[in-house]
S.K.: 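Following this message is one structure expressed as structure tokens.
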There are 2 protein chains.
Amino acid sequence: MSEILNISEAEWEVMRVVWASGESTSQQIALVLNGKRGWSQSTVKTLIGRLTSKGYLQARKDARRFVYTTHLKEPESLKLEVEGLLSRICSRKIPNLLAYLVEKTPMVAEDQAMLMEVLRNKQVVAEVPCDCYPGQCTCHLHASGTILSNHSYEENTYEN
Amino acid sequence: MSEILNISEAEWEVMRVVWASGESTSQQIALVLNGKRGWSQSTVKTLIGRLTSKGYLQARKDARRFVYTTHLKEPESLKLEVEGLLSRICSRKIPNLLAYLVEKTPMVAEDQAMLMEVLRNKQVVAEVPCDCYPGQCTCHLHASGTILSNHSYEENTYEN
DNA sequence: GTTTATAGTTTACAACTGTAAACGATACGC
DNA sequence: GCGTATCGTTTACAGTTGTAAACTATAAAC
């Protein structure tokens, strides 16, 4: 439920195993990550320990070992990460980035139809405000109180 | 042109200033980031130094100061970052994440139309292969050689 | 009951990050 | 010409991350 995630790249690998299996022992996790990344059991245990103290994993004692679970959900986590990234560019440029992603993401017809539907139902606004701090975006060079329409893709920088 | 970016969060703030202005002195950068993040000139100079040694900024001497520019382009950089993030989940789930992003991104009618167009022209495939390492995804629990259609959103986890 | 395997905890350590003070060079003002 | 403002460079230092060995506890095996 926390708004900011503190899961490092390596820790994410551990989370993925727990997300996929619902619950795992350190041994199971180590097995997967030894295969995928060549990590030793020690390494995996360190990562589990860090995730546990950060509160992202819960440990339930089962006989002599712990079984790890998580309350955090994978889709939520990725949404937070992606939103964090998108906050690095001007809001006005995000639609172009999305266009790029739609183009390059392999999908089946159902995906395409679903996205169409989402798009069709999308409420649009008259203007997307530039949310950049002055000096970190060129929007303010053009705008000056008047409404600008499609400024953000005069240079369609996110298309490939 | 490098495939993997090594620009930290704080360094990204510096890059944004250079991207926005085309070229900047350390003073200009420090001014913006002192305003936005409260950073001292020292801090900004350290970041500039690191970006320069990493090769992301170029310094051209102009009279007694340096003017910093970059060859790296902002859209390319963000694409790389986003693609890195997307590689953290199963390919099959990406369209649902995109649906979520389309829903939550504010956009004007032109954006909507452009995305529609991109979608309409999109080449779809018969099946999106699961690219996960075994144990990090549930796809392989279902598949076993046969073609699966819309498995990836049986639980439409990326819609909100 | 003593060895052995297995699980978890502690310690380690280098690289990278965030944040900044201190230091050194150099040009400008007077 | 000499102080002073301004750059850039060096040094600092704590926190996070990647990666793992060493140590400890405890249960299973015989």
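Convention: sequence-line order gives letters A, B, ...; per-chain numbering from 1. Side-chain atoms are counted along with the backbone in the values below, which use heavy atoms only and exclude waters and symmetry mates.
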S.K.: Answer yes or no: are there more than 12 heavy-atom neighbours, outside B:E81 itself, under 6.0 Å from its atom CD?
M.R.: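 Count over threshold, so yes.
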
S.K.: Which part of the nucleic acid, if any, lies within reach of B:Q41 when heavy atoms closer than 4.0 Å are counted: base, sugar-phosphate only, or nothing?
M.R.: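 It contacts nothing in the nucleic acid.
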
S.K.: Judged by each residue's nearest nucleotide on DNA chain C, which is more toward the 5′ side, A:T46 or B:W39?
M.R.: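 Comparing both residues, the 5'-ward one is A:T46.
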
S.K.: What do the steps show when you test A:R92 against A:E127 for salt bridge (Lys or Arg N to Asp or Glu O under 4.0 Å), and what is the final call?
M.R.: CA-CA 9 Å; A:R92 296 181 174 216; A:E127 188 194 8; 3.0 Å; yes

S.K.: Can you check the A:I7 CD1 to D:dT16 P distance for me, whole Å?
M.R.: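 Rounding to the nearest Å, CD1 of A:I7 and P of D:dT16 are 15 Å apart.
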
S.K.: Could you check if a side-chain atom of B:I89 sits within less than 4.5 angstrom of a side-chain atom of B:I94, using non-hydrogen atoms only?
M.R.: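 The answer is yes; the side chains approach within 4.5 Å.
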
S.K.: Any side-chain heavy atom of A:T70 within less than 4.5 Å of one from A:L57?
M.R.: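 With C-beta onward as the side chain, the pair touches.
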
S.K.: Measure the shortest side-chain to side-chain distance between B:W12 and B:W19 over non-hydrogen atoms and say whether it is less than 4.5 angstrom.
M.R.: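 Sidechains of B:W19 and B:W12: in contact.
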
S.K.: Given atom CZ of A:R37 and atom P of D:dG18, what is their separation to the nearest angstrom?
M.R.: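 For the pair A:R37 CZ and D:dG18 P, the rounded distance is 8 Å.
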
S.K.: Mind checking A:T43 for me? I need base, sugar-phosphate or nothing, with any heavy atom below 4.0 Å counting as a touch.
M.R.: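 The answer is base, as A:T43 lies within the cut-off (heavy atoms under 4.0 Å) of a base atom.
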
S.K.: Could you tell me whether the side chain of B:K104 reaches within less than 4.5 Å of the side chain of A:K79, counting heavy atoms only?
M.R.: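 SC-SC contact between A:K79 and B:K104 ruled out.
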
S.K.: Can you measure B:R65 atom CZ to D:dC7 atom C1' for me and round it to whole angstrom units?
M.R.: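 It is 9 Å, rounded to the nearest whole Å.
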
S.K.: Near DNA chain C, which residues from residues 48-55 of chain B have a heavy atom under 4.0 Å away?
M.R.: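 B:R50, B:K54 - these, ordered by number, are the residues of the stretch whose heavy atoms sit under 4.0 Å from the strand.
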
S.K.: Taking heavy atoms of chain B and a 4.0 Å limit, find me the 5'-most and 3'-most nucleotide of DNA chain C within that range.
M.R.: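 Reading along DNA chain C, I get C:dT17 to C:dC28.
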
S.K.: Expressed in angstrom and rounded to an integer, what is the separation of B:K45 atom NZ from D:dC7 atom C1'?
M.R.: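 After rounding, the reported distance stands at 6 Å.
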
S.K.: Quickly work out the B:E9 CD to D:dT17 P distance and round it to whole Å.
M.R.: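 Those two atoms, CD and P, are 13 Å apart.
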
S.K.: Could you verify whether a donor N or O on one side chain and an acceptor N or O on the other, from B:Y100 and A:E83, lie under 3.5 Å apart?
M.R.: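 On atom types as modelled, these side chains qualify, holding a pair under 3.5 Å.
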
S.K.: Using a cut-off of less than 4.0 Å, is there contact between a side-chain N or O of B:Y68 and OP1 or OP2 of D:dG8?
M.R.: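 It does, given that an N or O in the side chain of B:Y68 lies less than 4.0 Å from OP1 or OP2 of D:dG8.
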
S.K.: Output the rounded distance in Å from CG (B:L57) to P (D:dG8).
M.R.: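 Rounded to whole Å, this separation is 12 Å.
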
S.K.: For the pair A:E11 and A:R50, find out whether any cationic side-chain nitrogen is under 4.0 Å from an anionic carboxylate oxygen.
M.R.: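 Result for this pair is no, no salt bridge flagged.
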
S.K.: Classify A:T25 by what it touches in the nucleic acid, base, sugar-phosphate, or nothing, heavy-atom distance under 4.0 Å.
M.R.: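 It contacts nothing in the nucleic acid.
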
S.K.: B:F66 CZ to D:dT6 C1': how many Å, rounded?
M.R.: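 After rounding, the gap between these two atoms is 14 Å.
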
S.K.: Return yes if a side-chain donor-acceptor contact under 3.5 Å exists between B:S40 and B:T43, otherwise no.
M.R.: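 There is such a pair between these side chains.
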
S.K.: If I take atom CG in residue A:L47 and atom P in nucleotide D:dG18, what distance separates them, rounded to the nearest angstrom?
M.R.: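 Answer to the nearest Å: 7 Å.
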
